Amino acid sequence: MQRWLLLLGVVGLVSTVPTPFDEITPRDGESCGYDSCTDAEPGVLNVHLVSHTHDDVGWLKTLDQYYYGSRNTIQKACVECILNSVVKELWLDPKRKFIYVETAFFWKWWVAQPASVKSQVHTLVRQGRLQFVGGAWSMNDEAASHYQSTVDQFTWGLQKLNDTFGDCGRPRVGWQIDPFGHSREFAANLASMGYDGLFLGRIDYQDKALRLKERTMEMLWRGSDDLGKSSDIFTGVLYNLYQPPAGFCFDVLCDGEPIIDDVSSPMYNLDAKVATFLEVAANMSKAYRTNNILVTMGDDFNYLDASLWFNNIDKLIKYTNLKAIKENLNVKLFYSTPACYLKAVKDANPTLPIKQDDFFPYGSDSHAYWTGYYTSRPTTKWMEREANNYLQTFKILQSLTNLPESNMVILNELKSAVGMMQHHDAITGTEKQHVAHDYERIVSRAVDDAYAIGNQAFNKLLMPEASLVYERCEFNQSQCSVTERSQAFVVTVFNSQVMPKSTLKIDLPVIGDGYSVYDATGTSIPCGTQKLPSELLSMPTRQSNATHSLYFYGKNFPGLGYQNFYVKKGTKEKKTARDSDSKTVTSDDEGSRDIVLENDYIILSINKDSGRMNYTSRTDGTTLSFLAVPGYYSAFEGNNEIAANRSSGAYVFRPNMTSTPVLHTFHDFPVTNVVQSVLQEVHIHYDDSVSVTVGLKDNTLYFYTTLSIDLGREYVLRFQTDLKTDGAFYTDSNGRQMLKRIRNTRPQWNLTLAEPISGNYYPVVQEMYIEDKDLRVVVNVDRARGGASLEDGCFEIMQHRRLKRDDSFGVDEALNETAGGKGLYSIDKVRLQVVSKTKENLINTAETSLRFFSIPQFFVAEAPFSLDKFKTMTNVHSFLKTDLPKGVHLLTLEPWNNKILIRFENYLDKQLSPDYLSVDLTKVFNTIEIRSIKETTLAANIWFEDYKQWEWNTDEEFSESFNKEYGSEGVNIAKEGKKYDDDGFIIKLRAKEIRTFVAEYGVKN
Ligand SMILES: [Zn+2]
């Protein structure tokens, strides 16, 4: 305890075993952070040369292949060699500086270093010669990633840096130089993490051209209208992506000429090099508002032999500065870092333009809209989401069931795996196929290993001791050894959310039918079996004998807890619904022309002639008439030599048509399978053996498509309504705030659009909606997707892509996922909510969207005991002491070195939550007692009280609500929201606020 208190004052938040003091505290004459920067000079052009390497955490090679320099025939890259070489070269000259970004790589290298090298690196960090930027586990994608995972992977990376280097290791700026578009929510997250600035590489080519001309490359970006000023962050767009000026790449990978300063050499080129560089610098400075420019001196996997870069930059600085002095040129070159550049800009006190929207979609030329990767590799995107759900579950169980500290090794392995998946070539699906397999290997192993936590926790909670062995199942391909082989098994459903859940549909792969299901009290409940689709049974990756899906509805799941079910095979005591209960209906059937599905909330009638669906809410009479139609785009195939010949690829979506997709026609009512005894579900078969299943689940509809994935096609599910939407639709930003989109329009510039389909696609991580003045139609996705509204009243979600060609942006492989020679099939669900726009309905809709992201996890174990024994066990358990108000979400609960890290958020916006929501932290959990709390910034590496946001001058004022003002005439100026003081342990959460606490606690008996 003494040590904890002692350390706090000096190095900020130290969370695990701290590095000895004398290695992290700057000594006399040493300084780090902003204090270590070379001062910019007034009245001269200050050229900040930033030495850097861009090291993808997997792309053309796997993470390990990149790290060790293996398979150099694919790409010459060795991160271990880079870090070895850079440290050696930095050590030679105190003027040299270098930045490092990806903690996944840095940490792998660091733990392998001898004490002598570690000591050198400590010195370099203490003296500001080696600075970390970004500092998360990977440089995350901003389109397909969810904010929960972004916050987690920053927490994980920054924790390592903080433990090892203290405050000198704290990254001051975000460095998102390669992601393919930038989200508003990420900007808000970075601001909340206490970063002072953010640098971007890729923005739309039309946006960039205008910004260069109008000197708006640097701006103040407001990350959230709900959070207001506290979400503002300085944002700078780099001049040249992240590459050096032409002719100034000195790496072993480059063809650029080195600087030759020997006048007697026939290759002498010093004067010409200096002159060219001065010209480049002068041109660059025209695009920026202060007398500082940042020149990126590095590229992908550069600095393999760091001496080449550093020796040449040394010369460039020396001779250019010499010439400047001699000729009075008012220019100064020096080694710098993004943080030092930012400080110089701040000191120059510019007036900045503002930004309130986001940087999606990213177009790199007139035919290259990078909107395909929103959907590329849907199975990878699912795997990432499932792994995140497991991670949250295991973090909670480890925190609340007092399990051994030794479990942290497997929990940390899973944190690393999910952090890696956020990388901008991982969750995006823009890596080579063998790298995708490697990601799958790493994630799968991490989840398997971490399963031990679930086993320990559930067995501890089950009284009397049941000694159940939970085994992992691959529910995504209906494969599960336990449910297939066991005569009886227990299903433990864990709800990691604090909101209780009234109903949950549980699907389990089984062999044949004849099952009985019992709820937590041992009472028999209705269940049914359904044959698995043939597409699924023939999946070559599947190793399963399951032929059927056993389904049933569980009720009354507690918040933050579990409920058990007992399943027995071969009993006849309760009638179960089987395939024989389902009806096959054809268009020739007599009687009504409609098929009707209904439950307590909804009546859905489907017309047999047209496929038109009529929705009626039983609660308030809301109706909607719509069509749900599967379709596809044929991918454009070109040689990529000029913009017009750009192929659709892993990054770029480019259909070979300019209006709507090819829609599957609904002739008449084709063969339809209706299952109504337990499920309310219809399978509608279209032509080309495509079928869409529609079903009811509480007050929502669900849809999934079964189809064969053909080469050269990009599949969509399109909804057509009569809503008058005026070109507007809304998509989420990383699963959090919603952003208004207007078709064929960008908020900050006049758009010229040669690709009217792909240029109107936006990322959808959790939710997308269209609305008119009364009604909102919301679609939720089970994994990240691309979505668009190409006609009023319509919207579509892209489901799958399988392509013949590459788009020539580096991956150099066609996105063609196959299994057994056929297109890889994936089952993906979308959920539809139709609501009249009352406040209560919109709050419920927000909750439903969040639930669909963070679904309860199923754990199954063989039951070597009878139903009677099952009845004696603790089959329902909640860790909650009291219910929490609607709108409150437990975002994080994880062990934090004998303490716990807690994040609560208010997920409602200020329209729905104008005041605040409060949570008494001493009254949340029933197995632990919170004894003290201290707030940190969002990534838990700075005490909240120690962080002070920078102030900037702007040339305009922010509007009150981007969504309200975008596309309308009037502009309301934003007012600062009220601040609320906490009341001891009772914390207050403003609209969309996330608050992070480190808590000391005791375990209750
Ligand atoms: Zn990259």
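Note that the structure is a prediction, hence the values are computed from the model and not measured. Indexing begins at 1, ligand by ligand and atom by atom, following the structure's order. Residue numbers count from 1 along this sequence.
The minimum distance between the Zn ion (ligand 1) and any N, O or S atom of H424 involves atom NE2. The nearest N/O/S atom of D178 to the Zn ion (ligand 1) is OD2. The N, O or S atom of D56 with the smallest distance to the Zn ion (ligand 1) is OD1.
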Discussion item. What verdict does the ring pair (Phe, Tyr, Trp, His ring centres under 6.0 Å) test give for F132 and F165, after you've listed the backbone C-alpha separation in whole Å, the side-chain angles of each residue and the deciding distance to 0.1 Å?
Written reply: CA-CA 10 Å; F132 297 98; F165 301 107; 5.4 Å; yes
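Note on D232 versus R222: salt bridge recorded, some NZ/NE/NH1/NH2 to OD/OE distance being below 4.0 Å.
Look at H423 and the Zn ion (ligand 1): no N/O/S atom of the residue is under 2.8 Å from the metal. Coordination check, D425 versus the Zn ion (ligand 1): failed, since every N/O/S atom of the residue sits at 2.8 Å or beyond. When distances to the Zn ion (ligand 1) are checked against a cut-off of 2.8 Å, D300 contributes no N, O or S atom below that limit.
Of the possible polar contacts, one joining the E142 side chain to the S183 backbone as a donor-acceptor pair under 3.5 Å is found.
Residues meeting the salt bridge (Lys or Arg N to Asp or Glu O under 4.0 Å) test with E431, sequence neighbours left out: R377.
Relative to the ring axis of Y67, K108 places its NZ or CZ within 45° and under 6.0 Å from the centre.
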